[in-house]
Amino acid sequence: GQVRVSVAKSMSNLCNNLIVQFQEQYPDVKIVPNFGSSGALAKQIEQGAPADIYVSANPKWMTHLIEKGKIESDTKKIFAHNALVFVGKSSTDAQSMSDLQKLTRVALGSPNSVPAGQYAKQAMDKEGIYDEMLKNGQLIMAKDVRQALIYADRGETDGAFVYKTDAMLAINAKILFEVPLEFYSRVTYPVAMTKDSDGNADAKLFYDYIVSEAAHSEMIRLGFTLP
Amino acid sequence: MVNEITMLTLSPQDISAVGLSLKVACSATLISTPFGIACGYFLAFGKIRGKAVVEGLISLPLVLPPVVVGYLLLLSFGSNGLIGKFLNLLGIQVVFSLTGAVIASAVVGFPLMVRSIRIGMEAVDQSYISVSRTLGAGWWDSFFTIVLPLSGRAIFAGMSLMFARNLGEFGATVILAGNIPGVTQTIPLAIYEYTSVPGGDRMALTLCLVSISLSFAILLISEAINRKFRRG
Amino acid sequence: MVNEITMLTLSPQDISAVGLSLKVACSATLISTPFGIACGYFLAFGKIRGKAVVEGLISLPLVLPPVVVGYLLLLSFGSNGLIGKFLNLLGIQVVFSLTGAVIASAVVGFPLMVRSIRIGMEAVDQSYISVSRTLGAGWWDSFFTIVLPLSGRAIFAGMSLMFARNLGEFGATVILAGNIPGVTQTIPLAIYEYTSVPGGDRMALTLCLVSISLSFAILLISEAINRKFRRG
Amino acid sequence: MQLDVELKKSFKDFTLDVAFSLSSPRTGIFGPSGSGKSTIMNLLSGLELPDSGFIRLGDTVLFDAKRKINLKPNQRNIGVVFQHAHLFPHMSVKKNLFYGYKRIKLENRQIDPEGLFKVLGITQLLSRDVSTLSGGERQRIALARTVLSNPRLILMDEPLSALDEGHKFQIIPYLKNVFNNYGIPMIFISHSVLEMRMMTDEVFVIQKGRIQRHSAAEELVRKSWGSGLESYVNLINLGGATPCKDLFRYKWGHINFILTEPAEGEENLFELDSRDILLFKRHPEATSARNLLQCTVTDIYSSGNRVRVGLACGNEHLIAQIVSESVRELGIEEGAMVVAAIKASAFKKIF
Amino acid sequence: MQLDVELKKSFKDFTLDVAFSLSSPRTGIFGPSGSGKSTIMNLLSGLELPDSGFIRLGDTVLFDAKRKINLKPNQRNIGVVFQHAHLFPHMSVKKNLFYGYKRIKLENRQIDPEGLFKVLGITQLLSRDVSTLSGGERQRIALARTVLSNPRLILMDEPLSALDEGHKFQIIPYLKNVFNNYGIPMIFISHSVLEMRMMTDEVFVIQKGRIQRHSAAEELVRKSWGSGLESYVNLINLGGATPCKDLFRYKWGHINFILTEPAEGEENLFELDSRDILLFKRHPEATSARNLLQCTVTDIYSSGNRVRVGLACGNEHLIAQIVSESVRELGIEEGAMVVAAIKASAFKKIF
Ligand SMILES: Nc1ncnc2c1ncn2[C@@H]1O[C@H](COP(=O)(O)OP(=O)(O)OP(=O)(O)O)[C@@H](O)[C@H]1O
Ligand SMILES: Nc1ncnc2c1ncn2[C@@H]1O[C@H](COP(=O)(O)OP(=O)(O)OP(=O)(O)O)[C@@H](O)[C@H]1O
Ligand code: MOO
Ligand SMILES: [Mg+2]
Ligand SMILES: [Mg+2]
């Protein structure tokens, strides 16, 4: 049979690898992934686009779909966790949150639309620097994490808040520090089966596989933390 | 990025993306052409008031961000949408299918095609149409034997413009058709996916170069056709 | 979405986005126009070989996904880029500034403008230029008094096409200029933010309607100018 | 053919309001620029919609505002030849020619294309590119294209006025041949008196959208006299040429003319300016004029200082134009006998 | 004005290779279509670049391939009037007229626009829209536009050939007036013999890109005879008209002509077809011909069955064309006396 998986783009790498692993065990099951931003995927599902499993990078969109009755709510699980880090050139002098205000520019995902940006805002608020930095024009909003990373990587900004998994894509930029866990609520990637998947045994099979320990080694390799 | 151009190889998934892109751009262009010709004709020759409104509507996909266009298309063609419900009855699935990618591309490229065709049709001398009518040609006959050939250059220009635009279409496609490797993942979507893979930039660049070559090829072909039209 | 149209209000941030969009679209269009005219002239009258290559290069931003265009612009205009380094010396900051948004819009809309102008210039009878030269007009004089006025309609059409495209430009702008409310957040970027939040659709729709009204206004203005040109 | 027409059509600052019936197969519509000639043609052919009225061709109603009948141009079976040939630029000469022909039913294809091409002298043009044709050639192709579409009536809207004199007279015999050979009635629109005389038998004169009068084509010229500068031109149909020493003899009724110009065929039209006829009271002796005709003065009409003298020579008629002084000197009056001297070179061949 | 030219220019299948010097202020370039006339004009005016050679106007070098001198069209001070008027469609008539004028230095503005407009009869057109002008009006505006740009030399590339006969002869006197009044030298390009005779004094005949010969304009016609159909046209300059009963008397050297046509002014050009001159051995008695001239035959040349007889009447010359038979009958030979009879109406006014 066929399993349609809507995967948040920040998980595409992980998901692709998991699909390969899975199909070694179940060569008859065809997994059809669809990559996009969490919001776009949610809207597609809301409008009845075919999807059996939704892997989101943003818990809000999962909640939204549950409210709209598109999700088998009892299948909602935390799939993986991620950590927020601050990346930048090695020359950038920033070892902790308290150093940020000295920097000229810091990139982050737009807190309105990008979860990673929300976490970053939380962290900066906690440090009490967000509003001032925003007012001073020190904050550069990106449309997604990847864009924030590009800015830091190319030195357009002194640094950027990104997920640990994204930081591994950087060519020039290094992780300058990990944001302490107490500064932001935990980064979670929820996964759930949709109401549309009703009775698709293969979908259940894949769902069970990715939330099982079989997926753990790959997650760790790519920098995720386990649920 | 620049120092990594050395090795340009395409993965099987890339090749399928190139194939899909070609398929989508070609189908979207070919399917839109009759409608583009009809709209161009109407805007050039139509005598009804409110042409500006029609023109405005046709230009909408140009004005709105492609993502919004994609979302509006999703609303219409989704299984809850008006058109979507109807098409579902016929067993046609638009969302997450190549059909969807074609529709998204067609809608986004349409205003460009229509503008080009309109300009060409405005240059067709009405007298030729009159002559053909008095020679016994009905409206359609005259349209096909006089209007179309005489605006052929403009039509081909419009088609090549639309084709080029389609090669780069991302926003509307990703919403309506999804980004499904091997099914709806065209070149721009594949490029998008590469940006979340370590070292994906080089592969993205390779795909860009493929896009550019394709568009150059189309440009040269359309120039050649133009030259033929100018001569004949 | 449809049943939510009832209340259309704009937040202060939205209003600033509309203002920025207008600023960016107008500046990009006006700044590009001289270059568009120059390229259109070259493509229409130039006698050098390899025009197809130039045309291909100009069309690039049309063929590539806007996000890629934005990335390439970032490479050039960023602080490590060739042009960026130079501009930095002059104290000009392109990245994360309105200037960047204007450049991104200008680059993306440019191919559309040039195509339109080129078609118009190709229709200018060379003889008028010859006559003006023999009447004592130098090249520039002749260009300004003959070529420009005679291709005025096409130039305005190209400008309005570019303006419309700019209103919808998202991909390149967001990369080069960032999405900074009040500084570089134009309508499409604001719409993007709204659509990325559950329940933001109504606000997004309101902004879409603003965009549409703006483009209709431009369309009507350009029609009026056209009519004047046809008469005069 | 019987054509009955009653039409009204208003433009912003022009109103056409005409009613006429015609049965002559060679009818002219004559009038100054802007008088509404082309408008009539557009209405007849269905290219424009009248405000009211009707058009009946034979027993087919082509248009009737009251009965809401309005045949499309392609259903009217009316051919049109425009001032400019409007050859389709994207087709070969051959494709142009057969455009209408291919669109008629097999059983209606009564005209033999080969024959027509020969009549029009365009056989050698078939393989040419449209853009390489001269003005006269283009008009002949346009005419052939229209004739091949087998129309019941051909409208010609100043088909000659875009041509220079040379081409114009080159094409007229072709036109006449076609209409004679194929018996297609036609309406000829022009503002040239000479063209009217050559192409039509009766003429409607139109001015400011209204028909002013309806007369024989010849009348047009005689009556139009008084405008001043033009002189009357005798159009003389002569038979075949017989060489006669180094000149040529032609039959004109019972009389022979000696001309310098040779001609092929049995029917030839020559132009003889009324001012080229010299009148003598008595037979002059040695003169370089080759033709001396004994004539009777039939009528005399004058305008300003010029007088036109109608002459009867056998059964044929001529008009000479002289100055009023000569009338007195020569004692010209109705019934008087005079000798008309015409140089062999005074005859100009039209075709 | 002295113009020295040596030019080569090759196109794909055409090569122009000419060298000439000219000093006459009214020079013609005459040749069939495709012979390279317009190419010469384009090279002279700087619109096209010669492959090699030089152009010297007076003591200014406009172009010299060896010395790498190539003045731009706007630096050459050469005006051009094209076959089609090419009035700028986006400007008013007035703007068109002053386009060149505004671009010359104040101290060089030697021509009074008002006067020129009067000479060309375009004063009342100034406020008109360009698109409403007739062909003749358009050409006059184009001419005025060029003259106002104060050129040292005007090139006219078939300025009349797009006009019909009526407009053509309407504009020629204007042209002549302008060149007489303002003393601007000009080169007139045409393939019409008549235009050449009227507009120029000497003519270069060009064929296939090479100059064939250089001769006086009148020579052109006499020598070109033999092609057949055309008859020689005498161009006769007459003085002012004196009314004489209801006709008009004009002075022609010591002789008087009686014409039907009136004319204003002291200089009038009439056309007299050589075939309109009837020759008699003895003075005919009563005749409708108003002009009887005692002439001496000066020369005789013949082609086919036609003979042209040169006649001397006082100090003036005429050419009559008759048939060879008449030559025998009338005993015409060099030195013989004949009587030439010309009808008062045979003269056609050109201007
Ligand atoms: N479509 C139209 N709209 C407005 N006015 C028109 C239209 N067609 C013709 N006219 C006007 O009608 C009048 C008659 O035009 P028409 O073309 O019939 O004249 P015509 O006799 O054919 O003149 P010509 O000899 O110059 O061809 C003109 O004054 C013209 O301006
Ligand atoms: N730009 C060009 N490229 C190629 N061939 C050309 C070009 N310009 C002129 N020719 C050729 O040069 C020849 C002479 O052309 P030109 O226009 O000088 O003739 P012309 O004497 O002015 O003829 P006409 O009386 O028809 O105006 C023609 O055979 C033409 O095809
Ligand atoms: O995958 Mo996202 O919605 O761009 O964080
Ligand atoms: Mg007309
Ligand atoms: Mg020429």
E/L155, part contacting chain C, at a heavy-atom distance under 4.5 Å
neither

Hey, is CZ on C/F86 packed in by over 12 heavy atoms from elsewhere, all under 6.0 Å?
no

Do you know the tightest heavy-atom contact between E/H90 and C/T145?
NE2-O, 2.8 Å

Distance col, row E/N96:CG vs C/L135:CG, nearest 0.5 angstrom, shows 9.0 Å

Hey, what do you get for OH (C/Y128) to CE (E/M91), rounding to the nearest 0.5 Å?
11.0 Å

Above 12 or not: heavy atoms from other molecules or residues under 6.0 Å from CZ of C/F45?
yes

Does any non-hydrogen side-chain atom of C/S132 lie less than 4.5 Å from one of E/Y99?
yes

Atom CG of E/N74 and atom CH2 of C/W139: how far apart are they, to the nearest 0.5 Å?
12.5 Å

Structural part of E/L47 lying under 4.5 Å from a heavy atom of chain C:
side chain

With distance as the sole test, does E/H86 use its side chain to make a donor-acceptor pair with the main-chain N or O of C/S130 at under 3.5 Å?
no

Does any heavy atom of chain E fall under 4.5 Å from the side chain of C/D125, the backbone, both, or neither of them?
side chain

Any idea which heavy atoms bring E/R103 and C/A137 closest together, and the distance?
NE-CB, 3.7 Å

Under 4.5 Å, counting heavy-atom pairs only, tell me which of E/L148, E/N42, E/I104, E/L87 racks up the most with chain C.
E/L87

Given that the side chain runs from C-beta out, which part of C/I146 has a heavy atom under 4.5 Å from chain E: side chain, backbone, both or neither?
both

Validation row: C/P149, E/F88 side chains within 4.5 angstrom (heavy atoms):
no

So for atom NZ, which belongs to C/K23, do other residues, nucleotides or ligands contribute more than 12 heavy atoms lying within a distance under 6.0 Å?
no

With a sphere of 6.0 Å drawn around CD1 of C/I15, does it hold more than 12 non-hydrogen atoms of other residues, nucleotides or ligands?
yes

